[in-house]
Amino acid sequence: MLNFYLNACGITCALGDGHEQVKTRLYAGRTGVVSSTRWSAGRELPLGEVPGELPSVAHLPPHQRSRNNALALAALAQIRPAVEAAIARHGAERVGVVIGTSTSGIGETEQALMRHAIDGGLPPDFHYSVQEMGSPAEMLARELGLKGPAYVHSSACSSSAKALASAARLIRMGLCDAVLTGGVDSLCAFTVAGFAALESVSTAQCNPMSVNRKGINIGEGAALFLMSAEAGDASPVRLMGWGETSDGHHMSAPDPAGAGAELAMSQALRRAGLTAAQIDYINMHGTATPQNDAMESRVTERLFGAEVPVSSTKPFTGHTLGAAAAIEAALCWLAMQDDNPLGKLPPHLWDGAIDPALPALNLVPAGAALGRPLRRILSSSFAFGGSNAALVLGRDA
């Protein structure tokens, strides 16, 4: 049987840059979401902004100089030696790139249009193609000299789950020996305003599964994995299974019955060769919107029961949209490493106010641990337009 190993992981998000920063804040229950007016025209909102200075994009062609690509470079820097070793071993033609995103360089277009409104002209180095969805895959392939398949999935919040599934398929079909895969998304005013217009944005920290939940906090970040059919020297975490469905119930609201979501989870379990009872922990999509949490909690209880530990990590990172599935997979990957022998679980950060209309799930409290290493994790992602995806990550003893 062919395996799909996630041999290296790079992550940057509101929790920090790199494994140690992210793990420290996650397990301490310290959110990375902070109030900001930077992308909300004078309206203060909690946002999951990546702190600190990002890598320079000055060496890139003008149409690739975006905050989105800077975030991707930050994640790449953490695993670049492993990626370059794979290129040296397999050849540039045998290494691909599959990325999930939804914003690309929209923020740079916003800045250019503001400049145009002030002085009547666009910046001389601006090119409209900076906002093309394929930009992060093109940039990473160029940066690394890759000649294998390079493309982007853009299906809103399921984008990077689909990217990981596509990377596995490229390896299974024999088109690649290794794939750089994951997701990246950057904050911009367009995204914040769009979700605010849908009345989906909370003015307080998001509060998944609570009776007081009022919507999402938008975030940004990137997570990249080096996937191959061979286990590397580091942790042999595998993508064991994936499920993808499209129920097409509504442009922005989930199917209340959750048929597509349930099918995606069931497909992922079946492809992994597991039963629901074998899952140690579930990383929920958990957006803190009334409709998503209602649908997801019911589907989760229906498939897995009420005993399996579950949490949403979006109160820590914000909802990073096209990068969300990859960032959450990275948090799961970190939890499966050797430095977590007691199976500390990503906590569910909320106000503890139970919604009597929702099933009573086993929401992970701060400091909770499985008591043994985590071996099987499911992470779910549900997007606008009914695009559903689920990933099963596993690690053998």
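Keep in mind it's a predicted model, so treat the numbers as computed, not measured. One-based numbering along the sequence shown. Any value given below was found using the heavy atoms of this structure, including those in side chains, with hydrogens, waters and symmetry copies removed.
- Atom CZ of R94 is separated from atom CG of D177 by 4.0 Å, given to the nearest 0.5 angstrom.
- When side chains are defined from C-beta on, P136 counts as touching V152, because their heavy atoms get closer than 4.5 Å.
- Tracing side-chain contacts under 4.5 Å through hydrophobic residues (I, L, V, M, F, W, Y), one reaches V392 starting from M265; they form part of the same cluster.
- Taking each heavy atom of W39 and R67 in turn, the nearest pair found is CZ2-NE, 4.1 Å.
- Using modelled atom types and a 3.5 Å distance limit, the side chains of N68 and S104 yield no donor-acceptor pair.
- Between D293 and R298 there is no salt bridge, since none of the side-chain N atoms of the basic residue sits less than 4.0 Å from a carboxylate O of the acidic one.
- Note on L15: it clusters hydrophobically with L349, by side-chain heavy-atom contacts below 4.5 Å among ILVMFWY residues.
- For the residue pair N388/T245, the side-chain donor-acceptor check at 3.5 Å is satisfied.
- Transitive grouping of hydrophobic side chains (ILVMFWY, heavy atoms separated by less than 4.5 Å) keeps I87 and L170 in distinct clusters.
- Here the options are H285, M284, E328, the test is side chain to side chain contact (heavy atoms under 4.5 Å, CB included), and the partner is S379; only E328 passes.
- Within 6.0 Å of atom CZ in R89, 12 or fewer heavy atoms from other residues, nucleotides or ligands are found, so the atom counts as exposed in its surroundings.
- Between the side chain of N283 and the main chain of V310, no donor-acceptor pair closer than 3.5 Å is present.
- Pairs passing the salt bridge (charged side-chain N to carboxylate O under 4.0 Å, His left out) check and including a residue from residues 70-86, sequence neighbours excluded, read R80-E84, R80-E143.
- Without hydrogens or angle criteria, R65 side chain to L60 main chain gives a donor-acceptor distance under 3.5 Å.
- Within the 3.5 Å criterion, the main-chain N or O of W242 finds a donor-acceptor partner in the side chain of R271.
- Between L146 and L140 the shortest side-chain heavy-atom distance does not fall below 4.5 Å.
- For the atom pair CG of N3 and CZ of R238, the computed distance is 4.5 Å after rounding to the nearest 0.5 Å.
- Using a cut-off of 4.0 Å between Lys/Arg side-chain N and Asp/Glu carboxylate O, R38 and E49 are scored as salt-bridged.
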Decide yes or no on side-chain contact (heavy atoms from CB on, under 4.5 Å) for L378 and F304, but give the supporting numbers first. CA-CA 11 Å; L378 182 137; F304 298 93; 4.0 Å; yes
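- Residues R302 and E262 are in side-chain contact: their nearest non-hydrogen atoms beyond the backbone lie under 4.5 Å apart.
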Apply the test side-chain contact (heavy atoms from CB on, under 4.5 Å) to residues F382 and N292: give CA-CA distance (whole Å), side-chain angles for both, the deciding distance (0.1 Å), then the verdict. CA-CA 8 Å; F382 310 121; N292 176 87; 3.8 Å; yes
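- Of the possible polar contacts, none joining the T181 side chain to the I99 backbone as a donor-acceptor pair under 3.5 Å is found.
- Cluster membership for L144 and M139, using ILVMFWY side-chain heavy atoms within less than 4.5 angstrom, is shared.
- In this structure, the side chains of H19 and W333 come closer than 4.5 Å at one or more pairs of heavy atoms.
- S160 places a side-chain N or O within donor-acceptor distance of the main-chain N or O of G322, the cut-off being under 3.5 Å.
- When atom types are taken as modelled, the side chain of T31 and the backbone of P315 share a donor-acceptor pair closer than 3.5 angstrom.
- Between M240 atom CE and L6 atom CG the span is 12.0 Å, to the nearest 0.5 Å.
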Walk me through it: do V95 and V179 pass the test side-chain contact (heavy atoms from CB on, under 4.5 Å)? CA-CA 5 Å; V95 181; V179 182; over 6 Å; no
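- Residues satisfying the ring-ring contact (aromatic ring centres under 6.0 Å, His included) criterion with W350, sequence neighbours excluded, are H348.
- Legend: salt bridge (charged side-chain N to carboxylate O under 4.0 Å, His left out) pairs involving residues 124-140, not counting sequence neighbours: none detected.
- M209 has its side chain within reach of S297: a pair of non-hydrogen atoms, C-beta onward, lies under 4.5 Å apart.
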Test D338 against R395 for salt bridge (Lys or Arg N to Asp or Glu O under 4.0 Å), laying out the working first. CA-CA 11 Å; D338 288 338; R395 182 176 178 186; 2.7 Å; yes
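- Residues satisfying the salt bridge (Lys or Arg N to Asp or Glu O under 4.0 Å) test with R376, not counting sequence neighbours, are D396.
- Looking at N207 and R213, their side chains never bring a donor and an acceptor atom within 3.5 Å of each other.
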When you look at T101 and D185, which way does the side chain to side chain donor-acceptor pair (under 3.5 Å) test go after all the steps? CA-CA 5 Å; T101 196; D185 247 340; 3.1 Å; yes
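- Using modelled atom types and a 3.5 Å distance limit, the side chains of R169 and S166 yield a donor-acceptor pair.
- If you run side chain to side chain contact (heavy atoms under 4.5 Å, CB included) between F316 and each of C206, S311, P347, only P347 comes through.
- Salt bridge annotation for E244-K162: present, with a cationic side-chain nitrogen under 4.0 angstrom from a carboxylate oxygen.
- One distance of note links CD of Q78 with CD1 of I11; it measures 8.0 Å at 0.5 Å rounding.
- Pairing each heavy atom of V97 with each of A137, the nearest pair is CG1-CA, 3.9 Å.
- The two atoms that bring A268 and G243 nearest to each other are CB-N, 3.6 Å, heavy atoms only.
- Judged by distance alone, with hydrogens and angles left aside, the side-chain atoms of E220 form a donor-acceptor pair with the main-chain N or O of L187 at under 3.5 Å.
- Remark: side-chain polar atoms of D280 are not paired, donor with acceptor, to backbone N or O of L374 under 3.5 angstrom.
- For the pair V192/R43, no side-chain contact is recorded, criterion being any heavy-atom separation below 4.5 Å from C-beta on.
- In terms of modelled atom types and a separation under 3.5 Å, the side chain of S159 and the main chain of G100 share no donor-acceptor contact.
- Summarising the geometry, atom CG belonging to L345 is positioned 11.5 Å from atom CD1 belonging to I282; distances are rounded to the nearest 0.5 Å.
- The list of ring pair (Phe, Tyr, Trp, His ring centres under 6.0 Å) pairs with a residue in residues 164-218, not counting sequence neighbours, reads F195-F384.
- Rounding to the nearest 0.5 Å places OG of S246 at 11.0 Å from CG of L263.
- Judged by distance alone, the side chain of T37 and the main-chain N or O of S40 form no donor-acceptor pair under 3.5 Å.
- Between L391 and L239 there is a side-chain heavy-atom pair separated by less than 4.5 Å.
- Between N217 and L47, every side-chain heavy-atom pair lies at or beyond the 4.5 Å cut-off.
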Given the rule in the side-chain contact (heavy atoms from CB on, under 4.5 Å) test, do S266 and L303 qualify, once you have shown the distances and angles that lead to the verdict? CA-CA 8 Å; S266 298; L303 267 179; 3.6 Å; yes
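- Looking only at atom types and distance, the side chain of S158 has a donor-acceptor partner in the side chain of S155 under 3.5 Å away.
- In the displayed structure, I354 atom CD1 is contacted under 6.0 Å by at most 12 heavy atoms of other residues, nucleotides or ligands.
- Residues passing the side-chain contact (heavy atoms from CB on, under 4.5 Å) test with A74, sequence neighbours excluded: T12, D17, P55.
- Under the 4.5 Å side-chain contact rule for hydrophobic residues, M336 and F4 share a cluster.
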